[in-house]
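All values below come from the heavy atoms of this structure, side chains included, with hydrogens, waters and symmetry mates left out.
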Amino acid sequence: QLQLVESGGGLVQPGGSLRLSCTASGFTLDYHAIGWFRQAPGKEREGVSCISSSGDSTNYADSVKGRFTISRDNAKSTVYLQMSSLKPEDTGVYYCGAYLTAAVQPMCRPALYGYWGQGTQVTVSS
């Protein structure tokens, strides 16, 4: 069974940090671009960051540039999202997604992604 499993969410104070992990089982992530998305209550799912299959190219939403870092370890079939200087507006359910592509530049559009995890809650609050 092909699965993506997110972990690492939780409650953190403003200014704090969290590291999310997305691990694949049942398939290899080697030829997939991976994206992190978030969804706040009453809002659409939005792209946060995505990384190419090689890890050489990354994209970030303007709202997280300079605060979040995406990385991947293909040997572990895992992609990470290091989040720092967290703000209350970063609160939401964070999902990782994967799509098969040979493109150099990853795209952070949810419609491209064929595989999704179940999500992990991130709450930034004092």
Side-chain angles (χ1 to χ4, degrees):
Q1 187 177 359
L2 309 181
Q3 279 190 312
L4 292 173
V5 179
E6 302 97 336
S7 60
L11 173 64
V12 63
Q13 292 186 339
S17 298
L18 284 174
R19 189 177 81 156
L20 305 183
S21 298
C22 171
T23 301
S25 64
F27 69 110
T28 176
L29 290 180
D30 288 14
Y31 303 104
H32 293 76
I34 306 299
W36 283 99
F37 301 83
R38 66 187 179 194
Q39 190 164 18
K43 294 188 176 181
E44 292 187 353
R45 190 171 297 189
E46 64 171 346
V48 175
S49 180
C50 49
I51 188 167
S52 63
S53 57
S54 67
D56 291 339
S57 298
T58 57
N59 283 323
Y60 296 91
D62 289 343
S63 58
V64 306
K65 281 180 182 176
R67 300 188 298 120
F68 290 11
T69 302
I70 191 170
S71 61
R72 66 189 296 159
D73 184 342
N74 283 351
K76 295 182 179 180
S77 290
T78 300
V79 175
Y80 306 97
L81 185 68
Q82 178 67 49
M83 306 187 294
S84 304
S85 302
L86 283 161
K87 304 175 181 180
E89 51 264 43
D90 294 318
T91 294
V93 179
Y94 282 68
Y95 300 89
C96 67
Y99 74 99
L100 188 66
T101 180
V104 173
Q105 284 293 333
M107 304 288 285
C108 296
R109 289 189 287 127
L112 292 173
Y113 289 72
Y115 300 106
W116 290 95
Q118 82 289 349
T120 185
Q121 177 70 45
V122 171
T123 303
V124 184
S125 174
S126 55

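To the nearest 0.5 Å, atom CH2 of residue W36 and atom SG of residue C96 are 4.5 Å apart. A distance of 13.0 Å separates CZ in R45 from OH in Y94, rounded to the nearest 0.5 Å. Distance check: C108 SG to E46 CD gives 11.0 Å after rounding to the nearest 0.5 Å. Here OH of Y115 is found 13.0 Å from SG of C22. Values are rounded to the nearest 0.5 Å. Rounding to the nearest 0.5 angstrom, the gap separating the CG atom in L29 from the CG atom in L4 is 6.5 Å. Residue Q82 holds its CD atom at 6.0 Å from OG of S17, rounded to the nearest 0.5 Å.
Taking 4.5 Å as the limit, some side-chain heavy atom of T120 sits within range of a side-chain heavy atom of L20. For the pair C50/Y113, a side-chain contact is recorded, criterion being any heavy-atom separation below 4.5 Å from C-beta on. Between H32 and F27, the closest side-chain pair of non-hydrogen atoms falls below 4.5 Å. Side-chain contact check for K76 versus N74: every heavy-atom pair is 4.5 Å or farther apart. Taking 4.5 Å as the limit, every side-chain heavy atom of Y31 sits out of range of all side-chain heavy atoms of T101. In this structure, S125 and Q13 have side chains that are not in contact, with every pair of non-hydrogen atoms separated by 4.5 Å or more.
Closest approach of V122 and M83 over heavy atoms only: CG2-CE, 4.0 Å. Closest approach of T91 to V124, counting heavy atoms only: OG1-N, 2.9 Å.
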For V79 and I70, run side-chain contact (heavy atoms from CB on, under 4.5 Å): C-alpha distance rounded to whole Å, both residues' side-chain angles, the deciding distance at 0.1 Å, then the answer.
CA-CA 7 Å; V79 175; I70 191 170; 3.9 Å; yes

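Between the side chain of S21 and the backbone N or O of S7 there is no donor-acceptor pair closer than 3.5 Å. No donor-acceptor distance shorter than 3.5 angstrom exists from the side chain of N59 to the backbone of M107, with no hydrogens or angles considered. Listed for the R72 side chain is a donor-acceptor partner under 3.5 Å among the backbone atoms of S52. Listed for the E6 side chain is a donor-acceptor partner under 3.5 Å among the backbone atoms of Q118. Between the side chain of Q39 and the backbone N or O of E44, no donor-acceptor pair lies under 3.5 Å. Judged purely by atom type and a 3.5 angstrom limit, D30 has no side-chain atom pairing as donor or acceptor with the backbone of S77. Using a distance-only test at 3.5 Å, with no hydrogens or angles considered, a donor-acceptor pair links the side chain of S57 to the main chain of V104.
No continuous path of hydrophobic side-chain contacts links Y80 to F68 [ILVMFWY only; heavy atoms under 4.5 Å]. Under a hydrophobic-cluster definition in which Ile, Leu, Val, Met, Phe, Trp and Tyr are linked whenever side-chain heavy atoms come within less than 4.5 Å, directly or via other members, L112 and V48 are assigned to different clusters. Residue L18 is grouped with residue I34 when hydrophobic side chains (ILVMFWY) are merged at heavy-atom distances under 4.5 angstrom, including chains of intermediate members.
A donor and an acceptor atom, one from each side chain of T23 and T78, are located under 3.5 Å apart.
Ring to ring, Y95 and F37 are not that close: their centroids are 6.0 angstrom or more apart.
Under a 4.0 Å N-O distance rule, the pair D62/K65 qualifies as a salt bridge.
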